[in-house]
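A short worksheet on the structure shown next.
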Amino acid sequence: MKRITTFLLAATLCTGVQAQTANYDVAPLPKTIKAVEKSDYLLNAETRIVCTQPDGDLMRDAMFLQEYIQDLTGLCPAILTGDKKEAKGNIWLVVDQKNVPAKEGYRISISDKGVVISGQTAAGIFYGIQTLRKSLPIVKEKDGKAVVTLPGVTIDDEPRFGYRGMMLDCCRHFFSVEFVKRYIDMMALHGMNRFHWHLTEDQGWRMAIDQYPLLTSVGAWRNQTVIGRNTGIYDGQRYGGFYTKKEMKEIVKYAADRYITVIPEIDMPGHMLAALAAYPELGCTGGPYQVLQTWGVYADILCAGNEKVFQFVENVLDEVIDIFPSEYIHIGGDEAPRDRWKVCPKCQQRIKDEGITAGNGQSAEARLQGYFTKRVQKYLTTKGKKIIGWDELLECNVDTTATIMSWRGAQPGAEAAKLNHDVIMAPNSFCYFDYYQTDKQWNEPQLIGGNVPIEKTYSLEPVAEDIPEGLQRHIIGVQANLWTEYIGAEELVEYQVLPRMAALAEVQWMEKGRRDFEAFKQRATHMRDIYHLYGWTVAPHLWR
């Protein structure tokens, strides 16, 4: 303590500015933080950022670090290029494949000689930059004269899960390109790397498809929207919107610059009424259909007996693939009632022609969905893509190359892992951020229901104890979902995900044995200050 006090006094005398101190107690908390005695570093107007690889990803990392330091402290370090040995006293970004074992891992070494942020990859360095960013104090007077003491330390960290996701539903309510980018910025701050973008629904089709222009001219717009929980009262306002191909590619690039992969969801065979309104011949009855104005699950889905449906799906997916380079395409598969299939001559003929029979508690129509899914899956495989689907796919006799997203609790995910499916855990009881976050719901905006307080999210253990050790590798990630039936405002999106996103990040990065909710509450307080710095709306429940 005496050493630090003396150091700060010297800094004050030399600069005329009171030094503030960084705090590495951030969220998610790094795996190891080891103090280096008598070795503090001063971040000030003389600091420079040294990029040891002047082209490509590392230079972009350096520019992000420069931006973040300026956001929090007002300092704007110049960026230099060259060998780190030639630039003592600065912040160095270094690719180190020898001392950083994990692909997305990082090491931060801070001493009086400078700061080194190293990673096996540029992505790992980016995550190290996020940790340094979150450790900085927020300087009120951003006049470029700030002094921040970085206590000497070595930090090592790597994520527990390779897939760390957040989903945003832009179908029930539409959000601007700029807001989608802001959502991606939130994810980057929390060390997340998969943006699941829900783009098609009963209530609106949100992506331009050149071969099917009616999907946006008709399917992207509903004539009005129900007020409240399907009250029968409507607002009388036409509502909608869609993303052009240029805009989607812009978002893909924006996310990729932050090491986030965009995974599009084109839900099928259910949740397709917006498409059926545009092209009624794709349904079992031929319509007429309309883009829905209410919320729920509806009987009209794509006709699995109609060969034109598969041509439609393949044509759409071709254009999706052209926009999204992700290895995964999410094809939904949830909440697809088979009522129409049971009485549709084409669907029943398909069942007969393919020799589909009921079995293992699955109806012939359920297995027809399996046929539908596997046919789409096979097509995507020829394009070098893999599918993700909701856990209803387990009822459809799909093969194990399908990745299952477990939403109806954690148990379907555990069962999928035992069947050798890769699994992304997104149980609604822990990870549905459209749910309330308090039982005092009379003070909250109207939402869909449920209650997922932040401590519940924090308590999630994605790998169930009953999964055999040899199969636990199939739990590849964790994701939270934000459905937007009752969330039409950007501020409400932010309110619903912050600070729960910080709790999710600790689940995604940290082993359960290292997590401590009471300690997390303290870490989250500085996160709240950062959220406010960027003008984001934050739910207050954690601090009440």
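- Between the side chains of Asn193 and Glu104, at least one donor N or O sits under 3.5 Å from an acceptor N or O.
- More than 12 heavy-atom neighbours from other residues, nucleotides or ligands sit within 6.0 angstrom of NZ on Lys245.
- Remark: the Gln362 side chain and the Arg367 side chain contain an N/O donor-acceptor pair separated by less than 3.5 Å.
- Ionic pairing of Lys181 and Glu247 is not present here: no N-O contact between side-chain nitrogen and carboxylate oxygen is shorter than 4.0 angstrom.
- Between Asp422 and Arg473 there is no salt bridge, since no side-chain nitrogen of the basic residue lies less than 4.0 Å from a carboxylate oxygen of the acidic one.
- A donor-acceptor contact under 3.5 angstrom links the side chains of Gln369 and Arg338, judged on distance only.
- Looking at Arg160 and Glu461, a side-chain N of the basic residue comes within less than 4.0 Å of a carboxylate O on the acidic one, giving a salt bridge.
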* **Stepwise side-chain contact (heavy atoms from CB on, under 4.5 Å) test for Phe161 and Ile475** => CA-CA 8 Å; Phe161 294 101; Ile475 308 298; 4.0 Å; yes

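- Under the 3.5 Å distance criterion, with hydrogens and angles disregarded, a donor-acceptor pair is assigned to the side chains of Trp407 and Glu392.
- Taking 4.0 Å as the cut-off between side-chain N and carboxylate O, Asp399 and Lys374 do not count as a salt-bridged pair.
- In this structure, a donor-acceptor pair under 3.5 Å is absent between the side chains of Asn315 and Glu319.
- Cation-pi geometry between Arg182 and Tyr534 is not met at under 6.0 angstrom from the ring centre and within 45 degrees of the axis.
- Results of the side chain to side chain donor-acceptor pair (under 3.5 Å) test with His541 over Arg500, Glu444, Glu455, Lys440 single out Glu444 as the only residue that passes.
- Taking a 6.0 Å sphere around CD of Glu327, one finds it holds more than 12 heavy atoms contributed by other residues, nucleotides or ligands.
- The aromatic rings of Tyr163 and Tyr328 lie perpendicular to each other, with more than 60° between the two planes, well past the 30° mark.
- Counting heavy atoms from C-beta outward, Gln508 and Pro159 have side chains that stay 4.5 Å or more apart.
- Under the 3.5 Å distance criterion, with hydrogens and angles disregarded, no donor-acceptor pair is assigned to the side chains of Tyr239 and Gln224.
- With respect to Trp390, the ring pair (Phe, Tyr, Trp, His ring centres under 6.0 Å) criterion is satisfied by exactly one of His198, His271, His196: His196.
- With hydrogens and angles left out, the side-chain atoms of Tyr298 and Thr294 include a donor and acceptor closer than 3.5 Å.
- Side-chain contact between Trp341 and Leu302 is absent, with no heavy-atom pair separated by less than 4.5 Å.
- Residues Thr200 and Asp267 have side chains that never bring a donor and an acceptor to within less than 3.5 angstrom of each other.
- Nearest heavy-atom pair across Tyr531 and Val538 is CB-CG2, 3.5 Å.
- Side-chain contact between Leu273 and Ile301 is absent, with no heavy atoms from C-beta onward closer than 4.5 Å.
- Between Arg408 and Glu395, at least one side-chain N (NZ, or NE/NH1/NH2) sits under 4.0 Å from a carboxylate O, which counts as a salt bridge.
- If you check the side chains of Tyr458 and Glu506, you find a donor sitting under 3.5 Å from an acceptor.
- Arg172 forms no cation-pi arrangement with Trp295, by the criterion of a distance under 6.0 Å to the ring centre and an angle within 45° of the ring axis.
- Phe310 and Tyr371 have perpendicular rings, their planes meeting at more than 60° on a 0 to 90° scale where under 30° would count as parallel.
- Atom NZ of Lys385 is surrounded by more than 12 heavy atoms from other residues, nucleotides or ligands within 6.0 Å.
- Seen from the ring of Tyr68, Arg133 counts as a face-on cation partner, given the 6.0 Å and 45° thresholds.
- For Gln411 and Glu415, the side-chain atoms include at least one donor-acceptor pair closer than 3.5 Å.
- Here the shortest heavy-atom pairing between Pro269 and Phe372 reads CB-CZ, 4.0 Å.
- For the pair Ile260 and Arg164, the minimum side-chain heavy-atom distance is 4.5 Å or more.
- Cation-pi contact between Arg258 and Tyr254: present, with separation from the ring centre below 6.0 Å and deviation from the ring axis of at most 45°.
- With 3.5 Å as the limit, one finds no donor-acceptor pair spanning the side chains of Tyr435 and Asn481.
- For the residue pair Gln348 / Glu365, a side-chain donor-acceptor distance below 3.5 Å is found, with atom types taken as modelled.
- Around CG of Asn360, the count of heavy atoms belonging to other residues, nucleotides or ligands within 6.0 Å does not exceed 12.
- Of all non-hydrogen atoms in Ala539 and Pro499, the two that sit nearest each other are O-CD, 3.6 Å.
- Of the N and O atoms on the side chains of Arg375 and Tyr379, not one donor lies less than 3.5 Å from an acceptor on the other residue.
- Of the N and O atoms on the side chains of Asp434 and Tyr486, not one donor lies less than 3.5 Å from an acceptor on the other residue.
- The aromatic rings of Phe324 and Trp197 sit perpendicular, their planes meeting at an angle over 60°, well past the 30° parallel limit.
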